[in-house]
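What follows is a short report on a single structure.
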Amino acid sequence: MAHCRNCSRRDFVRMTLGAGAAAGLASKLDLPFAAAQSASGAKAKACILLWMQGAQSQLDTWDLKPGAETGGPFKPIPTAAKGVEICEHLPRTAKQMDKVALLRTLNSRDPNHDTATYFLHTGYRQNPDLQYPHIGSVILEELGQGKTDLPGCIVLGGEPPAGAAYLSADRGPAIIDRLENPTADLVASTEYFAKGTLERRYKLLRGFEEDWNKKHPDSKIESRERTYERAWKILSSADLKAFEVAKEPESVRKSYGDTPLGKAALLARRLVQTGVRFVEIQYGSWDTHSDNFGGHKRLMSEIDGPYAALLDDLSKSGMLSDTMVILMGEFGRTPKINVSQGRDHWSRCWSACLAGGGIAAGRVIGRTDELGMDIAERPVSVADFYATIYKCFGVNPDKKYMGPGARPTKILDGGSIVSELLA
Amino acid sequence: MIAVLWSGVLAAALAAPQGKPVTDRETLDAWFEDYWKKQNLKPAAPCDDTVFLRRVTLDLTGNLPTPEEIRTFQKSGKKDRREKKIDELIAGPEAAEYFAHLWVQWLMGFDIDYRDLRRLDLGALCAWLKKAWTEDLPYDDFVWAILADTGKLSETPTANFAAKHLNNDEPPAALARASARLFLGVDIRCAQCHDHPFDPMTQEDFWAFTAFFRPLRMQGSTLTEAPVPKPSAMREDLGEKFLEPKFLDGRTAEPGEPRGAALARLFLTMEKDAASRAIVDRMWRLFFGRALLPGRHTKGQPELLDLIVKNFRSKKASLRTLAKLLVTSRVYQLSSEGPESARDTYAAGPIKMMNTVQFLRVWNFAFQWEPYFQQQYAKHPERLPEMKNPDVFWMIRTMQAKELLFPKGRDPEEVLSSGTDRLAIKLMNNRDIQLMMVAQFGWVQKTMKLTADPGNRIEELFLLMVSRQPTRAERSKLIDHLRSAGRPEHAYIDGYADIFWMLFNSSEFVFIG
C-alpha cells in the first residue's frame, strides 16, 4: 500500500468501504489485499469516449509502418512522449501524447461492424438472448449519479449499440443523436417559444392529471409520472446551461474548433464538469473501403484539433486526473491495400488511445509485426481492456447483476488487468 | 340516493342471468361471477359509455374514436349499442390494418430494421395479414401457412416469417426460438447453450427441434427447401452427431410426410391444445394487459384459459370471434377506477399503456402526420418513396416509435414500459412537435376554424385526444387559462396550444383506462 501514502481522508474512507465490500471476493481468491488495493487504486470518476465509428486504420493513424509494403503514404512524426511516433496528420495530438497511453495490440477476431461495435461498448460479444448494458450505464450504476439533474450517461451524435439492458432504465444512455444541433429537444422551448411557455404548460398538465391519476392509483402511471418529473427536472435544470457551449471564452472555443466535433468535445467537457459520469461522442465514418488515404487525411484533420484541445483543456484544469478519455473504434483496417486504394476490416490488431483517470501517460503498450499484420508483443483482448478500464473506476468486474429470467450476469466475464496501462 | 339506486339497477341489468348461461359471453361472465364470489371480491361498476368507446376502439383498431363517433354513440339509447359497435369495429378496415401491423411486430420479433425492409417483402405480408383478418381465416390455417409455406417472398408472403429469422451461414436457432415462442408461448432459448438444472428440455432436444428448420434456405428473395447432407453437426459442441428432427414433445414426422406439413401438424396437434392456448393468452394479454398462462412470476389463470380455449376450438379457431368474446365480456367492460389490486384480480377493468402500434397510430392521428405525408407524396412521389406502400411506411415509423417507447435493449414483450426520458423530453419540448401542433393541418388550427366559442373549442380538443367532454370545472379553469396564456399578440392560439400539449402529455391520453 506504499503508493497510497499520500491519499486524502476521503480516499481513505472510500478505500475502507471498498475493502469491506470486496472482502468476500478476496477471501474466495485467497488474496487478502488484492481487492482492497483495487479499491484504493480507483482514480477515475468520469469518462469521455470518442467513438471512431466505422473503424480507423491503425496503420495510418497510431501505428505507422513507414517503408513497409502495407505502410501507405503517410509519414510518422515525433510526439511529446519520448520515442512515440504517430501520423503526420495529427500534429496537435502529437503535442499531447505525453498524457496518453497508446495501446497498439487490441484484438477481437470480430470483423463485423454491428457485433464488434456492441462488443467494444459492453465488453461482451453479442448474444441473441441477453442484452448487456452500455459501459457508461455500468459505470453510472457503480459510481452513482453525480450532482446534477442531467442524465448520468449521455451519447452525442448517434445511436449507441447498447442501452441500460437489465439495469434500471435511468442508467441507460440519454441519446442526443444530432451532433450538428445536439440541444434540439432540450432547448427548443427557449429558442422558439416565449420564456415561461414550458413551465406554464407543465403546471397546467400537473393540475389536469391529478384527478385522473388519483382515480387510477397504479404503479405504471406513477412510473410515468416520475419519468415526466425527471424530464421536467432536466428541461428546467440550471445545469442545462452546460449545453450552452457558446458561453465559453472565445480562446477556448477556438482551441476546440468551430466544427460539430469541436463543439461536441467542448460540450462533453462541460457535461462532465457538471457531474455527468459518462459522455460518448460518435464520429465517423472511418469505413474507408475505397480511398482510404483521402478519407483518413480528412477525418484526421477533423479530429486532431478537438481531441488535442480536450486533452490539453482537461489537463490544465486538473480534470484529467479523474476523467478518463478513450479514443477508439470497433476494429482496425487491413494492412493490405485493396484495388480501390481502400483498406477493409481487420480485427487481429488495432490501436486505442487512453488518457487520464489513472491511466499511464506517454507510453506505448504492445507491438505489432513489421507489416502490421499481427501482434508481435503483448496482445490485449477486449476483456483485458475492459478489466483495466473498470479497475481505474474501482468497478469490481466479478460483481453480478440479475439479468432477465433471474440469470446472474457478471459485469465482465474474464479478462486480466493490463498493468502497463496503469499509472 | 338516486345515484345509488340507479347504479344498482344498472348492475342488475348487466349481471349474468340467474339461469344456466346460454351464450358464450354468459358462460364467461358466469365464470367470473363464480370467481369473484370464491375470492370474496366485489367487482367494480361497469364503465360508462365514453370510457367503453375509447377502450374498445383503441383495442380493436389501435386508434381513437372521432368526436363525431363519440357524440353519435352517446346519443344512441339503444340497448345493444355496445355489441353493435364491437361488430362494426371488428368488421372494419381499421381493425384489419391494426391486427396486421400487430402481427408483423409479433412475427418479426419487434426488431425490424432497414435491412429487413430491403430484403423482405413486408408490404406483401401486411396485405396477406389484412386479408386473413377480413376473411376470418381459421387460426389453424393461419399457423399452417406461416410454418409450412415456402416460395418467393412477394408471392408467398407468409414465408417472410422464416426469411426474417434465417441466416444462411448459421443454424436456424433464431427461427426455432421465434416459432416456439410465438406459436406455443414457450421460451426455449436457455436450452440452446446448456442443459438447465430445472428444465426438462436439454440442449440436444433444442437442436433436434431446430433440425426441423434446417432444410430452409434463402436464395435471393425466395425461401427454399434443400436436402441436408449427412452428417451435419448442428453445433460444434455437440460433436459430429447428426440429429434427426424431433418435436418438443418427442414426436416426429410421419414417413413420407413433407417437412413443412409435418412441422405445422406437430405444432397444431401438440397436447392440451398448446398452440390455441398460446394465441388465446396473447389476445387476452392484448386486451387485459396480463397473462392467463402461468409464467415465471405469475400464476396466471389456467382454468379460465381452458374455458376460453374450449370455446375458441368450437368456433373454428376464429380470432375475430375470440376478440368479440373478450371485449363483450362483463369483466372487460368494468370501470378501471380504484386501487391497482382490484385490476390485478380482475375486480376492475384493465389499464394498459398503449402498445407500439397503438401509440404510433394515435400519434399520427393527433399530429395529422399521415394526411400530411400523403399530401407531400402526391406532390413529389420521388421524395418519399416509402410512402408508396403505406404499410411499409408504417413499419419504418414503428421502428422509430419502439426506440422511443422502450429503452434500447429491452424486449417489448418482456417489459411493461411507461415510456423513456427521451420520449418525455421529445413530447414536451421537441421543436418539430411544437410546430406541428399549431400547423395549418393540425387539430388546434382546425378546431379554431370549426367554432368560435372557447368552450366548444376546448370540448372538441378533449373529444379528439381523451375521447370525452371536459368536466364543468375543467372547462372553466381552461377558459381562464386562455385569457392569461401566451404573448398578447397571439394569446389565443398559445392558449389552445397549451391545452393540446397538456392533453397529449397526460397519463389519460397514453394509458387505455
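So you know, we letter chains A, B, ... as the sequences are listed, proteins then strands, and number each from 1.
- Nearest heavy atoms, A:C153 versus A:S137: SG-N, 4.2 Å.
- Looking at B:A342, neither its backbone nor its side chain comes within 4.5 Å of chain A, counting heavy atoms on both sides.
- Within the 4.5 angstrom heavy-atom criterion, only side-chain atoms of A:I234, from C-beta onward, approach chain B.
- One finds no salt bridge joining A:E244 and A:R270 here, because no Lys/Arg side-chain nitrogen approaches an Asp/Glu carboxylate oxygen to under 4.0 Å.
- A salt bridge links A:K203 with A:E199; the closest basic N to acidic carboxylate O contact falls under 4.0 Å.
- Contact of A:D218 with chain B is made through backbone and side chain together, with heavy-atom distances under 4.5 Å.
- Neither the backbone nor the side chain of B:I433 has a heavy atom closer than 4.5 Å to any heavy atom of chain A.
- The part of B:E474 that comes within reach of chain A is its side chain, from C-beta onward, which places non-hydrogen atoms under 4.5 angstrom from that chain.
- Contacts between residues 343-351 of chain B and chain A, counted as heavy-atom pairs separated by less than 4.5 Å, involve B:R343, B:I351.
- Residues A:Y118 and A:Y132 approach most closely at OH-N, 2.7 Å, considering heavy atoms.
- Aromatic pair B:F462/B:F500: centroids not less than 6.0 angstrom apart.
- Taking each heavy atom of B:R54 and B:S467 in turn, the nearest pair found is NH1-OG, 3.1 Å.
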